[in-house]
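Input: a single structure, listed below in structure tokens.
Only heavy atoms go into these numbers, but all of them, side chains included; no hydrogens, no water, no symmetry mates.
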Amino acid sequence: MTIHLLPVNSILNPRDLGGITGLDGRKIKTHRLLRTGTLTHISNDDIQFLKNYGLTTIIDLRSKTESKEHPDPQIEGVENISLPLSDEEGTLGGSQDLSREGELYHHDPHAAFKMMCTHYRDHVIKKHDQNTVRQVLKILANNEKGATLFHCTEGKDRTGFVTLFLLYILGVDLETIRQDYLISNSVLTSYRTARDKKFETAGENLIFRSNMRILSSASDSFFDTVLLTIEEQYQNMDAYLRNVVNVTPKLRDRLCELYLEEK
């Protein structure tokens with residue numbers, strides 16, 4: 001599959017979804033849908049790159065606390081929209097989460113894995129999270145020109161969750177969507193290595209470091225948790241999108257018209 005990494009140095013996991021094949025063999029347009037991690041440390045050069053790239057909208061999927069403590073840049077001509085995917089405050093593996101789960105992370109090598117599966121399941125079934133996906137799709141359906149960037153902290157979990165439904169609506173097959181999700185592991189290699197080294201230097205034990213690697217990893221199991229939860233609770237993906245996220249044929253056609261190239 002096509003991997004279109006953005007040539008920026010100060011943004012985690014920066015990708016353009018353009019080039020992925022969707023409905024009827026039509027490819028997703030470039031310069032339209034960008035998925036990334038945090039923009040907190042974005043450089044002036046990378047801001048200029050995004051402006052030149054056609055950026056018009058930033059959708060922040062992080063919690064209100066994260067957004068307040070580490071705000072997105074205010075870029076001239078770019079609209080900033082905060083739409084937290086989860087109603088919980090904080091990010092998995094953030095300082096608040098580590099404090100709450102610290103004991104488990106040091107003694108149970110499977111603690112992070114079980115917690116992540118729970119969070120992915122919650123994203124599917126919680127009305128707040130469902131509504132966030134619905135709102136993102138509505139925003140995209142009204143953006144006729146320019147690039148929309150949506151992001152969380154690492155550009156992996158919350159961003160990946162939204163991307164799953166967006167790509168599916170655009171007609172991308174599930175295996176390609178899975179591979180796009182898993183690509184975060186290779187893109188984030190340097191970040192994950194540095195993070196692990198920091199924990200090792202701080203004297204953290206191997207169980208803790210193993211849990212932290214899970215929190216910074218994309219996993220087939222997490223992806224399958226979404227699919228299995230949808231199948232168990234809502235019959236199938238199409239029914240979930242139709243009956244829960246309110247994706248009408250009109251909305252689907254609109255998104256395909258805006259974001260897929262002509263045949």
Side-chain angles (χ1 to χ4, degrees), residues 1-20 27-85 90-95 132 136 139-140 142-164 166-167 179-198 215-218 258-259:
M1 63 171 289
T2 300
I3 306 172
H4 193 164
L5 288 175
L6 297 174
V8 292
N9 298 313
S10 60
I11 304 173
L12 280 179
N13 208 355
R15 290 186 262 155
D16 186 330
L17 294 174
I20 298 175
K27 293 185 182 298
I28 296 176
K29 297 175 181 177
T30 57
H31 294 254
R32 294 290 276 139
L33 298 170
L34 313 181
R35 56 168 296 176
T36 78
T38 181
L39 305 177
T40 300
H41 304 295
I42 190 170
S43 66
N44 290 332
D45 286 345
D46 288 345
I47 287 176
Q48 189 59 52
F49 170 83
L50 291 177
K51 290 177 65 175
N52 294 342
Y53 204 75
L55 182 65
T56 60
T57 308
I58 295 173
I59 300 175
D60 186 355
L61 300 171
R62 299 174 302 165
S63 69
K64 292 181 179 179
T65 298
E66 291 173 274
S67 298
K68 182 178 180 180
E69 294 179 352
H70 305 285
D72 282 343
Q74 300 295 312
I75 304 174
E76 182 180 358
V78 176
E79 181 181 10
N80 290 72
I81 302 172
S82 175
L83 282 176
L85 178 60
T91 182
L92 301 182
S95 58
T132 293
V136 170
I139 291 169
L140 292 176
N142 287 303
N143 284 5
E144 297 187 357
K145 296 180 180 180
T148 299
L149 184 156
F150 53 100
H151 78 94
C152 52
T153 300
E154 295 176 343
K156 171 177 60 67
D157 299 309
R158 290 168 287 187
T159 300
F161 185 78
V162 170
T163 302
L164 163 58
L166 174 58
L167 292 181
Q179 295 308 315
D180 174 76
Y181 163 72
L182 292 173
I183 284 169
S184 287
N185 286 332
S186 58
V187 177
L188 291 171
T189 294
S190 296
Y191 162 80
R192 295 162 67 206
T193 300
R195 193 168 187 257
D196 181 60
K197 187 64 177 178
K198 177 181 177 181
L215 293 181
S216 290
S217 299
L258 288 175
Y259 296 103

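Here the rule is side-chain contact (heavy atoms from CB on, under 4.5 Å) with His151, and of Asp60, Asn13, Leu61 only Asp60 fits it. In summary, of the residues considered (Val8, Asn9, Leu50), a side-chain contact (heavy atoms from CB on, under 4.5 Å) with Ile42 occurs for Leu50 alone.
In this structure, His31 and Tyr53 have parallel ring planes: the angle between them is below the 30° cut-off, well short of the 60° mark.
Between the side chain of Thr132 and the backbone N or O of Pro84, at least one donor-acceptor pair lies under 3.5 Å. No donor-acceptor pair closer than 3.5 Å links the side chain of Ser43 to the backbone N or O of Ser10. Counting only distance, with no hydrogens or angles, the side chain of Tyr191 and the backbone of Glu154 share no donor-acceptor pair below 3.5 Å. The backbone N or O of Asn185 sits nowhere less than 3.5 Å from a side-chain atom of Lys156 that would complete a donor-acceptor pair. Checking side-chain atoms of Asp16 against main-chain N and O of Arg32 turns up no donor-acceptor pair under 3.5 Å. Between the Arg192 side chain and the Ser216 main chain, a donor and an acceptor come within less than 3.5 Å of each other. Without hydrogens or angle criteria, Arg158 side chain to Arg62 main chain gives no donor-acceptor distance under 3.5 Å. Between the side chain of Arg15 and the backbone N or O of Leu6 there is no donor-acceptor pair closer than 3.5 Å.
No side-chain donor from either of Gln48 and Asn44 sits under 3.5 Å from a side-chain acceptor of the other. Side-chain atoms of Thr163 and Asp180 form no donor-acceptor pair, as typed in the model, at a separation below 3.5 Å.
Atoms CG and CD, from Leu55 and Glu79 in turn, are 11.0 Å apart once rounded to the nearest 0.5 Å.
For the pair Leu83/Phe150, no side-chain contact is recorded, criterion being any heavy-atom separation below 4.5 Å from C-beta on.
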